[in-house]
Amino acid sequence: MIREHRQPQTEATRALSGIAGLDQVLRGGLPRNRLYVIEGDPGAGKTTLALQFLLEGLRLGETVLYVTLSETAEELYEVAASHGWSLDGVHLLELGALEARLQDDAEYTVYHPADVELGETTRRIREEVERIKPTRVALDSVSELRILSQTTARYRREILGFKQFFVGKGCTVLVLDDRTSSENEQQLQSIAHGVIRMERTTRDYGATRRQLQIVKMRAVRFRDGLHDFVIRSGGIDLFPRLVVADDAADTAPDPTVLSGVDELDCLLGSGLDRGSSTLVLGPAGCGKTTLSSQFLVAALDRGEAAVCFLFEESRSTFLQRASGLGMKFEPHLASGLFRLIQIDPAEVSPGEFAGQICQEVEKRDARIVVIDSVNGYLNAMPSERFLMIQLHELLAYLGQKAIVTILVMAQHGMLGNSMQSPIDVSFLADTVILLRYFEAMGEIRQALSVVKKRRSGHERTIRELHLGAGGVLVGAPLRDFEGVLTGVPRYSGPAKPLLRTGNE
């Protein structure tokens with residue numbers, strides 16, 4: 001038999017899913033006139049995805065049909081109402097609960113009741129499709145057909161028959177499957193044009209984590225891997241996994257970013273390079289956040305958009321401390337040039353957090369991103385191994401976008417050799433700024449040094465850092481001291497005040 005040659009589908013012939021992140025993963029949506037399986041455990045979000053798919057078709061002027069074998073129409077309307085959706089215009093075929101249809105076996109004398117009910121079910125679906133001629137169909141769920149079919153062979157024949165029927169009618173079909181049988185699951189996957197798996201896992205603490213994976217999609221170059229998503233009022237928000245190769249590097253007009261503090265810029269060798277990442281490392285309370293804030297306020301004063309993600313402290317604490325140091329962020333917050341976003345690691349998944357950063361960069365054109373702190377970011381990850389991969393991809397993406405990224409990390413301990421980091425991420429950063437406490441002349445003081453900078457030379461001295469009403473002050477190199485980084489230095493120079501005096 002000679003088959004007509006079909007041209008491959010383009011983006012114009014794709015069916016948008018109604019979920020922007022999923023369309024991005026699929027590079028333009030689902031190929032039309034095909035049958036797809038949406039599989040997942042109960043509560044994973046299959047029904048919500050199917051409704052969004054149909055409502056998107058309705059928005060585009062298409063005729064859509066929802067066939068329900070496991071849920072009632074009332075339950076579907078409740079799901080839609082919880083998202084603020086109206087199902088007006090969506091054709092709904094309710095075939096009732098399977099148990100209710102099989103409650104009276106005595107009515108059937110010659111044929112097994114399942115045989116009769118299976119034939120009646122498939123007939124009603126086909127008749128409804130013939131009557132309204134939909135372009136999008138959702139079948140919820142295939143588990144009912146699996147039970148009625150009784151045998152694997154018959155179940156496969158029924159699914160193949162549905163596939164050929166729907167394709168012949170120009171329908172794009174989503175078949176929902178709750179994965180109750182691994183054997184039949186493989187049968188269904190082999191027949192379908194594509195398989196989308198939705199997973200729901202409970203973490204030891206915090207909100208449930210949901211992820212989506214494209215298990216199979218014929219003739220589509222999709223973005224592989226697990227993609228985090230959340231179900232909010234309004235539907236599913238999916239956050240595609242960052243793939244650095246997908247994003248072309250942007251060139252920046254200015255080579256460096258200055259802090260506004262001459263001594264600090266000198267220490268860094270003329271500031272921070274655009275497209276680079278900087279790790280600010282030190283014990284608690286030594287000025288890491290304040291130092292990062294100095295770069296933020298300098299960028300905002302130049303008219304550059306910036307964003308800071310807070311994991312540990314609140315917005316009010318951040319603004320109050322900055323105000324005490326003479327840094328006024330409120331006008332920039334009011335103008336929208338600056339965004340201060342508080343993150344709860346127990347509620348936000350790593351994929352959602354990366355998605356928020358991408359949105360700030362691509363939609364608001366943020367040029368400086370501060371993550372305060374990596375310790376909080378670590379708490380959002382299931383293990384250190386995944387943190388390193390996620391953070392590497394995130395920094396590579398921001399580097400391609402010519403963004404200056406500042407990571408804050410708190411070390412355990414206060415002085416000397418007891419200083420430890422929860423995880424070593426210094427090799428991922430292009431620049432490492434080290435802050436330390438040290439004892440001198442009866443006072444606890446702070447020291448600042450740059451221990452690494454990949455893209456250019458930098459000053460290798462250790463300078464004193466002072467934070468006060470005048471903002472960030474950086475002193476001259478501490479050349480008369482030895483052992484500053486140990487916390488208990490030796491002073492061999494003449495008696496003279498350092499950057500500040502005890503009377504300040």
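In this text, all values refer to a predicted model and were calculated from it rather than measured experimentally. The figures here come from the full heavy-atom set of this structure, side chains too, leaving out hydrogens, waters and symmetry mates.
Checked against side chain to side chain contact (heavy atoms under 4.5 Å, CB included), L160 has the following partners two or more places apart in sequence or in another chain: R156, I191.
For the pair K363 (side chain) and E360 (backbone), a donor-acceptor distance under 3.5 Å is absent. A distance-only check finds no donor-acceptor pair linking the side chain of R241 to the backbone of V25 [under 3.5 Å]. When atom types are taken as modelled, the side chain of H193 and the backbone of R218 share a donor-acceptor pair closer than 3.5 angstrom. With D430 contributing its side chain and S277 its backbone, the two residues share a donor-acceptor pair below 3.5 Å. Checked by atom type and distance alone, the side chain of K46 pairs as donor or acceptor with a backbone atom of G40 at under 3.5 Å. T63 contributes no side-chain N or O that, together with a main-chain N or O of T135, makes up a donor-acceptor pair within less than 3.5 Å. Remark: side-chain polar atoms of E312 are paired, donor with acceptor, to backbone N or O of G376 under 3.5 angstrom. With K216 contributing its side chain and A192 its backbone, the two residues share a donor-acceptor pair below 3.5 Å. Panel note: side chain R34, backbone G194; no donor-acceptor pair is recorded below 3.5 Å. Under the 3.5 Å distance criterion, the side-chain polar atoms of K288 are left unmatched by any main-chain donor or acceptor of L279.
For the pair R124 and E127, the salt-bridge criterion is not met [side-chain N within less than 4.0 Å of a carboxylate O]. Using a cutoff of 4.0 Å between basic side-chain nitrogens and carboxylate oxygens, E352 and R232 are scored as salt-bridged.
Looking only at side-chain heavy atoms (C-beta outward), I403 and I357 stay at 4.5 Å or farther from each other. The closest side-chain heavy-atom distance from Q356 to F239 is not below 4.5 Å. L92 has its side chain within reach of Y77: a pair of non-hydrogen atoms, C-beta onward, lies under 4.5 Å apart. Looking only at side-chain heavy atoms (C-beta outward), N375 and M409 come within less than 4.5 Å of each other. When side chains are defined from C-beta on, R200 does not count as touching D41, because their heavy atoms never get closer than 4.5 Å. Between V175 and F162, the closest side-chain pair of non-hydrogen atoms is not below 4.5 Å. Using a 4.5 Å heavy-atom cutoff, the side chains of L296 and H332 are not in contact. The side-chain heavy atoms of Q342 and F318, taken from C-beta on, include no pair separated by under 4.5 Å.
With values rounded to the nearest 0.5 angstrom, R315 atom CZ is found 12.0 Å from F329 atom CZ. Going from atom CG of L394 over to atom CG of L428 covers 10.5 Å, rounded to the nearest 0.5 Å. Here L49 contributes atom CG and I38 contributes atom CD1; the two are 5.0 Å apart, rounded to the nearest 0.5 Å. Considering CG of L55 and CG of L87, their distance stands at 6.0 Å, rounded to 0.5 Å. Taking CZ of R210 as the start and CE of M198 as the end, the distance is 8.0 Å to the nearest 0.5 Å. Rounded to the nearest 0.5 Å, atoms CD1 (I341) and CD (Q359) are 8.5 Å apart.
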Could you walk me through whether E39 and L188 pass the side-chain contact (heavy atoms from CB on, under 4.5 Å) test, one step at a time? CA-CA 10 Å; E39 63 178 27; L188 188 58; over 6 Å; no

Could you give me the CA-CA distance, side-chain angles and deciding distance for K169 and R126, then say whether side-chain contact (heavy atoms from CB on, under 4.5 Å) is met? CA-CA 10 Å; K169 298 300 179 181; R126 290 170 185 258; over 6 Å; no

Take L319 and L333 through the side-chain contact (heavy atoms from CB on, under 4.5 Å) test and state the conclusion after the steps. CA-CA 10 Å; L319 294 174; L333 284 169; 3.8 Å; yes

Going through the distances and angles, do E158 and T122 end up as a side-chain hydrogen bond (donor to acceptor under 3.5 Å, both in side chains)? CA-CA 8 Å; E158 290 297 331; T122 57; 4.6 Å; no

Evaluate F338 against C308 for side-chain contact (heavy atoms from CB on, under 4.5 Å), listing each step before the verdict. CA-CA 8 Å; F338 179 51; C308 179; 4.0 Å; yes

Under the criterion side-chain hydrogen bond (donor to acceptor under 3.5 Å, both in side chains), I'd like the reasoning laid out for T201 against Q211: C-alpha separation, chi angles, the key distance, then a yes or no. CA-CA 8 Å; T201 56; Q211 293 179 301; 5.3 Å; no

Show, in sequence, the C-alpha distance, side-chain angles and deciding distance for D178 and S141, and conclude whether the side-chain hydrogen bond (donor to acceptor under 3.5 Å, both in side chains) test is met. CA-CA 8 Å; D178 58 12; S141 76; 4.7 Å; no

Going through the checks in order, is the side-chain hydrogen bond (donor to acceptor under 3.5 Å, both in side chains) test met by D228 and S349? CA-CA 7 Å; D228 287 337; S349 68; 3.2 Å; yes

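Across all non-hydrogen atoms, the minimal contact from V369 to F309 is CG1-CE1, 4.1 Å. Smallest separation of non-hydrogen atoms from F295 and V257: CE2-O, 4.1 Å. In terms of heavy-atom proximity, M217 sits nearest to L26 at CE-CD2, 4.0 Å. Between A354 and L242, the closest heavy-atom pair is CB-CD1, 4.1 Å. The nearest pair of heavy atoms linking G21 to P240 is O-CG, 3.6 Å. Minimum heavy-atom separation, A366 to V307: CB-CG1, 4.2 Å.
Open room surrounds CD on Q320; 12 or fewer heavy atoms of other groups in view lie less than 6.0 Å from it. The 12-atom threshold is exceeded at NE2 of H83, counting heavy atoms of other residues, nucleotides or ligands nearer than 6.0 Å.
If you look at F53 and Y36, their ring centroids are not closer than 6.0 Å.
The only option from Q52, E75, E71 that meets the side chain to side chain donor-acceptor pair (under 3.5 Å) definition with T47 turns out to be E71. L139 pairs with exactly one of V37, L174, L93, I125 by the side chain to side chain contact (heavy atoms under 4.5 Å, CB included) rule, that one being I125.
A cation-pi contact, defined as under 6.0 Å to the ring centre and within 45° of the axis, is absent between R136 and Y66.
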